[in-house]
Amino acid sequence: MILVKVGGAKNLNWNEIGTDLKTLSEKEQIILVHGASKIRDDIAVQMGAPTQTVVSPSGVSSVFTDQTAMDIFLMSYPGLVNKTIVAKLQQLGINAIGLSGVDGRIWEGVRKDKILIKENGKIFAKTGNMTGRVEKINTKLILDLLGSGYLPVITPPAISYEGEIINVDNDLAIAVMGRELKIEKLVVLFEAPGLLEKFGDESSLIKEIPKDKIDDFLKFGEGRMKKKIIGAKEALNNGVSEVIFGDSRVNNPIQNALNYAGTVIR
Ligand code: ADP
């Protein structure tokens, strides 16, 4: 089983991604997980409530999700973006079914109402955050869908044990899916050839990262890239055999990644 995760860029080439998904899904079970961050940010600006980001004491940035941000999140991730992707894949002859982590408790976990943030050199607690962390996967539902010939297209948010909607990190959620579904390979696509030693310099691609050295590579990731590296480490600790970071912009992006054109971590 292969899980393909596509980032939240605005201009993804769904013809290429979809064509690859169609070829691969004829011989393998495939799950697609996607983000929608850029479109969410655009809608947030249009609605006069721009996305707020906060930085943890260790320097990792994340989105602060209050009720307004969650409403916009629901419009963009499981709404506009998920349904657009599903329709596109259906046009290509893939029997895609789009679900958020809330549906059937596909992604379940703890809510973190209070988070520690660092602002102007000071560390303090901020409450009212509708985010959390996925711990549990409804594997039966996913396996039932795969067994019935559907290609699941999954996106945040998730649901807390108490039934609240929570914003979660995709890159960490897929690591939990890796464990619970015994996934062999994770393909993580974004708008770069893979992890670059110098962000912006596409000739500085890191071809291979041994899993016991992964912490040494965290320093190369800027912004959300750090989370992808942390997610890859968790996935490998959870029993996934390979995580491949690949370029979403090229022709045959998934097959290219599976042929190790990007960064392979194992
Ligand atoms: P998401 O999947 O959460 O939507 P993005 O696609 O924005 O996240 O995150 C990946 C982005 O991180 C890449 O497209 C790239 O612009 C950026 N990035 C930061 N540091 C690096 C790096 N060292 N190598 C490659 N990309 C990097």
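Just so you know, ligand 1 is whichever comes first in the structure, and atom 1 is the first atom listed for that ligand.
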Check ligand 1 against Ala192 and write out every atom of the ligand that is under 4.0 Å from a heavy-atom position of the residue. 25 (C), 26 (N)
Taking the side chain as every heavy atom from C-beta outward, state whether Ser62 and Arg224 have any pair of such atoms under 4.5 Å apart. no
Atoms in ligand 1 with a heavy atom of Lys228 nearer than 4.0 Å: 1 (P), 2 (O), 3 (O), 8 (O), 9 (O), 10 (C)
CZ-CD1 distance between Arg179 and Ile174, expressed to the nearest 0.5 angstrom: 13.5 Å
May I ask you to identify the nearest protein heavy atom to atom 19 (C) of ligand 1, giving residue, atom name and distance to one decimal place in Å? Glu222 O, 3.2 Å
If we number the atoms of ligand 1 from 1 as shown, the ones under 4.0 Å from a heavy atom of Glu191 are 14 (O)
Counting from 1, what ligand 1 atoms have a heavy atom of Lys5 closer than 4.0 Å? 2 (O)
Could you measure the distance from the CD1 atom of Ile30 to the NZ atom of Lys185? Nearest 0.5 Å is fine. 11.0 Å
Under 4.0 Å from one or more heavy atoms of Leu195, ligand 1 contributes atoms 22 (C), 23 (N), 24 (N)
Look at the side chain of Asp20 and the backbone N and O of Ile254, then say whether any donor-acceptor pair between them is shorter than 3.5 Å. yes
Would you please determine whether Gly35 falls within less than 4.0 Å of ligand 1 on a heavy-atom basis? no
Inter-residue atom distance Met177.CE - Lys136.NZ, 0.5 Å rounding: 14.5 Å
Atom 13 (C) of ligand 1 sits nearest the protein heavy atom Phe190 CD1, 3.7 Å
Tell me the contacting part of Arg224 for ligand 1: side chain, backbone, both, or neither, using a 4.0 Å heavy-atom threshold, strictly below. side chain
So, for Phe190 and Phe245, is the gap between ring centers shorter than 6.0 Å? yes
With a 4.5 Å cut-off on side-chain heavy-atom distances among I, L, V, M, F, W and Y, is there a chain of contacts connecting Val33 to Leu21? no
Does an N or O anywhere in Gly7 fall below 3.5 Å from an N or O of ligand 1? no
Side chains of Val153 and Asn82: closer than 4.5 Å at any heavy-atom pair? yes
Would you call Lys226 a ligand 1 contact, heavy-atom distance under 4.0 Å? no
Check if Ser248 has a non-hydrogen atom at a distance under 4.0 Å from any atom of ligand 1. no
Under 4.0 Å, counting heavy atoms only: does Lys198 come that close to any atom of ligand 1? no
Are Ile265 and Leu196 connected into the same hydrophobic cluster when the rule is that any two of I, L, V, M, F, W, Y join if their side-chain heavy atoms are below 4.5 Å apart? no
Proximal ligand 1 atoms for Lys38, defined as those under 4.0 Å from one of its heavy atoms: 7 (O)
Check whether any side-chain heavy atom of Leu181 sits under 4.5 Å from a side-chain heavy atom of Leu143, and report yes or no. yes
I'd like to check Thr139 versus Lys182 (side-chain heavy atoms, cut-off strictly below 4.5 Å). Are they in contact? no
With a heavy-atom distance limit of 4.0 Å, tell me whether Glu197 approaches ligand 1 through its side chain, its backbone, both, or neither. neither
Among all protein heavy atoms, pick out the one at the shortest distance from atom 24 (N) of ligand 1; state its residue, atom name and that distance to 0.1 Å. Leu196 N, 2.8 Å
Note the single closest protein heavy atom to atom 23 (N) of ligand 1, along with its residue, its atom name and the distance in Å. Phe220 O, 2.7 Å
For atom 18 (N) of ligand 1, find the nearest protein heavy atom and state the residue, atom name and distance (0.1 Å precision). Phe199 CE1, 3.3 Å
The atoms of ligand 1 lying under 4.0 Å from a heavy atom of Gly8, numbered in the order shown, are 1 (P), 2 (O), 4 (O)
Do you know which of Ile72, Thr68, Asp71, Asp42 makes side-chain contact (heavy atoms from CB on, under 4.5 Å) with Met47? Ile72
For Gly194, take its heavy atoms, then give the atoms of ligand 1 lying under 4.0 Å from any of them. 24 (N), 25 (C)
